[in-house]
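All ligand and atom numbering here is 1-based and tracks the order in the structure.
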Amino acid sequence: MDSAAQKHAASLTAIFDHISAVGARAGEGVTRLAASAEDGAARAIFADWMARGGARLAHDAVGNQFACFDWAGENAAWIFAGSHLDTQPRGGRFDGTLGVLAAGCAALDLHTEVQADRFRPRHNLAVVNWTNEEGARYQPSLTGSGVFSGALPLREALSLTDGAGITLSDALAAIGIDGETGGVPPRPKAYVELHVEQGRILTVAGRRIGVVEGTWAARKMMVRWIGRAAHTGPTPMADRRDALLAAAQGVAAFEALIAARHPHLHRSAARLVIEPNSPNVVVERATVWFELRGLDVAELDRAGQPVLAAFEKAAAETGTRLEIIADTLREPAGMDIGLMAITGEAARACGFEPLPLRSVAGHDAVALQNSGVPSALIFVPSVDGIAHHPEELTHPEDVEAGLAVLTTVLRRLAEGDFDAER
Ligand SMILES: [Zn+2]
């Protein structure tokens, strides 16, 4: 690595450590929920860092932040690069944050060359921090990129409420975001995101750079069993309609059925809400969030049929009523072929043999790609595949590799390399 690249890797480490301290508690990772005070503080550090480097800052009405480098004039097309600064509760430092800050470093690197007249881009560049990618505080996830790409109406997004009944609109206003400011750039010609893999495919293959070909499909079900509240003491057993018992049977049947018939599907029941949630009241309502992920939508469809029958059986056996609140299928996405080729070449130019792979999780790059913005997603290794956990880690040499490849890709895109591919 040359000295300029080393300097930029060092400046990435400095800003990364600075932002990672926001919302951090010893042993508990980082908690920076979307539009919280901690998220606001991280956004301010990012904005200040970019502004000092010469960027013009803007944000849209859903709070997506844009650090804009107007290199090629107002009529030129835009290239976006970024990810998200929000985290899960007790999340890791790298998920999302690495992508935003690496894109910032790459942009500053290129901007230095533009100012020295060593680089004359044909396109403008914006570094983007997308609002509420994680979906921890507000569901659905990918809120900011969903609004920008047109998949989620703005009004719907702003009226989402968190567990405490606070709307996204009010939460954003509390951190100083109330409507659009500063000239938000138009839909870009291409979007590039660097992200940690959150799996162990790269490590097992002994590679540093993954080029994502596409994502897995996902089926998400929100299921509720409705029984009847009753005293846990005197109520005769035969009279009880216990929604928690039904949910427990449903969760166990879900795992048993999928494990037996579709063991390769990733699955979870990761959230349970019971009401009234008192030790002395038989549970009246139990709501469970189920998730199935695999490569093939048809398989997810098939796999769900006996599961729904098992949910009905759990209801019948407990005297409760089943309600399917939501049951959505997310198609697998394919990333842009031309950008995959450019990313692969950039990796090789930096000395890394890229590994094509599929992403199990959704990312902002997938939301943009699905809306018709050609997008690339670059992975760097996650130690032991740990994700959404305080021990999440990507080694410094892998961060440097990712930064080098991202910078190379953005240079080529800003030069207009992608235009020839179209
Ligand atoms: Zn992420």
*Asks:* What pairs of residues pass the salt bridge (charged side-chain N to carboxylate O under 4.0 Å, His left out) test when at least one of them lies in residues 254-276, not counting sequence neighbours?
*Replies:*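 Checked against salt bridge (charged side-chain N to carboxylate O under 4.0 Å, His left out) - neighbours excluded - the pairs reaching residues 254-276 are E255-R267, E275-R285.
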*Asks:* If you round to the nearest 0.5 Å, how far is OG1 of T143 from CG of L158?
*Replies:*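 Separation between the atoms: 10.0 Å.
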*Asks:* Can you list everything that forms a side chain to side chain contact (heavy atoms under 4.5 Å, CB included) with A361? Sequence neighbours excluded, please.
*Replies:*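 A361 satisfies side chain to side chain contact (heavy atoms under 4.5 Å, CB included) with Q198, S359, H363 only.
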*Asks:* Pull up every protein N/O/S atom sitting under 2.8 Å from the Zn ion (ligand 1), skipping waters.
*Replies:*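 The answer, once waters are left aside, is H84 NE2, D95 OD1, H195 NE2.
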*Asks:* For E113, I'd like to know if atom CD has over 12 heavy atoms of other residues, nucleotides or ligands within 6.0 Å.
*Replies:*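 For E113, atom CD is crowded (more than 12 foreign heavy atoms under 6.0 Å).
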*Asks:* Say whether, by atom type as modelled, one donor and one acceptor occur between the side chain of D86 and the main chain of R32 under 3.5 angstrom.
*Replies:*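 Here the side-chain-to-backbone pair does not exist.
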*Asks:* Can you name the side chain to side chain contact (heavy atoms under 4.5 Å, CB included) partners of R219, sequence neighbours left out?
*Replies:*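 R219 satisfies side chain to side chain contact (heavy atoms under 4.5 Å, CB included) with M221, L292, L300, D301, L308, D327, L329 once adjacent residues are dropped.
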